[in-house]
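No hydrogens, no waters, no symmetry mates; every other heavy atom, side chains included, goes into these values.
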Amino acid sequence: MIQGTLYIVSAPSGAGKSSLIQALLKTQPLYDTQVSISHTTRAIRPGEKNGEHYYFITESKFQQMIEHNDFLEYACVFGNYYGTSRVVIEEIINSGVDVFLDIDWQGAQQIRQKMPSARTIFILPPSKNELLRRLRGRGQDSEETINQRMAQAVSEIKHYNEYDYIIVNDDFNTALGDLQSIIRSERLRLERQIQRHNTLINKLLAD
């Protein structure tokens with residue numbers, strides 16, 4: 001069975017990470033690429049579905065999973081826990097499907113320690129001014145919150161050199177093409193091509 005690849009994608013808020021992942025998934029068949037679904041203890045919101053947006057579980061269940069070392073990474077954000085299930089990720093990868101995980105640099109560090117084969121991608125904005133324009137353009141946050149996000153962005157960008165790939169999201173279609181190129185190049189790596197074409201290679205080498 002051909003093994004899939006776990007892709008960790010990180011970026012400061014406003015760099016376009018989530019939009020790029022969603023656009024990529026629309027260009028890929030569901031049987032070979034999907035996005036990871038995290039576990040969380042926060043309450044389900046209107047329009048959300050369990051198992052589609054998150055796996056919604058109780059805090060006691062989450063703590064039990066921590067004790068059993070069931071998470072590749074987890075964090076507490078604003079009083080709610082979020083975590084990536086080791087079993088879920090391994091099942092997806094073992095079925096030959098590539099999976100994308102949208103997390104920050106801290107989560108990426110945790111996962112790299114447990115799954116060194118994961119590939120990591122960092123999305124950069126083309127400038128601070130453009131990042132600020134995008135954050136304001138959302139119309140979702142106060143000026144105070146936007147300033148906090150800008151300060152946080154600098155802190156996050158400092159970890160860019162911990163990643164395998166860097167994409168600058170200046171032009172969206174170009175950045176999407178870069179992301180697609182990474183996926184294609186990873187699928188052409190020696191170990192995956194041996195898995196995919198083992199029979200052919202053996203025939204070509206036969207006397």
Side-chain angles (χ1 to χ4, degrees), residues 2-28 32-40 71-77 82-86 88-90 92-94 96-135 148-193:
I2 298 172
Q3 294 284 302
T5 299
L6 171 61
Y7 292 96
I8 300 170
V9 186
S10 304
S13 180
K17 168 185 58 177
S18 298
S19 297
L20 283 170
I21 293 174
Q22 291 304 316
L24 175 74
L25 293 177
K26 290 179 181 178
T27 71
Q28 304 290 316
D32 69 5
T33 307
Q34 67 181 69
V35 67
S36 172
I37 301 173
S38 299
H39 287 67
T40 184
F71 291 115
L72 285 173
E73 61 83 29
Y74 69 91
C76 184
V77 182
Y82 297 83
T84 303
S85 168
R86 180 196 301 271
V88 171
I89 294 296
E90 289 179 348
I92 295 172
I93 290 174
N94 289 338
V97 176
D98 291 334
V99 58
F100 281 81
L101 184 54
D102 176 349
I103 56 173
D104 65 12
W105 64 268
Q106 293 167 308
Q109 285 183 345
Q110 292 183 52
I111 292 181
R112 278 197 302 267
Q113 293 174 359
K114 299 175 181 177
M115 194 173 284
S117 61
R119 294 290 179 259
T120 54
I121 304 168
F122 200 93
I123 311 296
L124 289 172
S127 68
K128 285 185 176 180
N129 285 340
E130 175 59 18
L131 183 63
L132 181 60
R133 186 194 68 79
R134 292 177 186 176
L135 289 173
Q148 291 174 347
R149 290 189 185 280
M150 286 297 296
Q152 182 66 24
V154 174
S155 176
E156 292 172 347
I157 291 171
K158 288 179 180 178
H159 295 272
Y160 77 94
N161 58 356
E162 299 173 10
Y163 288 73
D164 298 315
Y165 298 96
I166 298 293
I167 294 176
V168 178
N169 185 14
D170 187 357
D171 176 77
F172 185 84
N173 288 330
T174 300
L176 177 59
D178 290 342
L179 187 55
Q180 291 170 323
S181 296
I182 291 172
I183 309 312
R184 182 161 181 78
S185 65
E186 286 294 332
R187 291 179 177 178
L188 293 173
R189 289 174 69 90
L190 176 63
E191 58 270 23
R192 291 192 70 170
Q193 289 292 72

Nearest 0.5 angstrom please: [X] [atom1] to [Y] [atom2], how far?
| X | Y | atom1 | atom2 | answer |
| --- | --- | --- | --- | --- |
| S18 | F100 | OG | CZ | 12.5 Å |
| L25 | L20 | CG | CG | 11.0 Å |
| I21 | I123 | CD1 | CD1 | 7.5 Å |
| T33 | K26 | OG1 | NZ | 15.0 Å |
| Q106 | E73 | CD | CD | 10.0 Å |
| S36 | L72 | OG | CG | 8.5 Å |

Nearest atoms (heavy-atom pairs only) where [X] meets [Y]:
| X | Y | value |
| --- | --- | --- |
| I103 | I8 | CG1-CG2, 3.6 Å |
| Q193 | L188 | CG-O, 3.4 Å |
| K128 | M150 | O-CE, 3.6 Å |
| I121 | Y7 | CD1-CD2, 4.1 Å |
| L131 | S13 | CD1-O, 3.3 Å |
| G14 | L135 | CA-CD2, 3.9 Å |

Using side-chain heavy atoms (C-beta onward) and a distance below 4.5 Å, is [X] in contact with [Y]?
| X | Y | answer |
| --- | --- | --- |
| I182 | I167 | yes |
| V154 | I157 | no |
| M115 | I89 | yes |
| L6 | R119 | no |
| S85 | H39 | yes |

Indicate yes or no for a side-chain donor-acceptor contact from [X] to the backbone of [Y] under 3.5 Å, with no hydrogens or angles considered.
| X | Y | result |
| --- | --- | --- |
| S10 | F122 | no |
| N169 | A15 | yes |
| R192 | L190 | no |
| D98 | G4 | no |

Set out, in order, the CA-CA distance, both residues' side-chain angles and the distance that settles side chain to side chain contact (heavy atoms under 4.5 Å, CB included) for V9 and D102, then state yes or no. CA-CA 5 Å; V9 186; D102 176 349; 5.6 Å; no
Do other residues, nucleotides or ligands put more than 12 heavy atoms under 6.0 Å from the OH atom of Y74?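 No, OH of Y74 has 12 or fewer neighbouring heavy atoms, counting only those of other groups under 6.0 Å.
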More than 12 non-hydrogen atoms from neighbouring residues, nucleotides or ligands closer than 6.0 Å to OH on Y160, yes or no? no
Could you label the plane-to-plane angle of the W105 and H159 rings as parallel, tilted or perpendicular, counting under 30° as parallel and over 60° as perpendicular? parallel
Could you please spell out the steps behind the side chain to side chain contact (heavy atoms under 4.5 Å, CB included) verdict for I37 and V88? CA-CA 9 Å; I37 301 173; V88 171; over 6 Å; no
Please enumerate all residues that pass ring pair (Phe, Tyr, Trp, His ring centres under 6.0 Å) together with Y165, with sequence neighbours excluded.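 Checked Y165 against ring pair (Phe, Tyr, Trp, His ring centres under 6.0 Å); zero matches.
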Give every residue pair that meets the salt bridge (Lys or Arg N to Asp or Glu O under 4.0 Å) criterion with at least one member in residues 2-16, sequence neighbours excluded.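 Matches after skipping sequence neighbours: none remain.
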According to the salt bridge (Lys or Arg N to Asp or Glu O under 4.0 Å) rule, which pairs have a member within residues 160-183, sequence neighbours left out?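 Qualifying pairs, neighbours excluded: R112-E162.
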Evaluate the criterion side chain to side chain contact (heavy atoms under 4.5 Å, CB included) for residue pair Q110 and T84; output intermediate values, then yes/no. CA-CA 11 Å; Q110 292 183 52; T84 303; over 6 Å; no
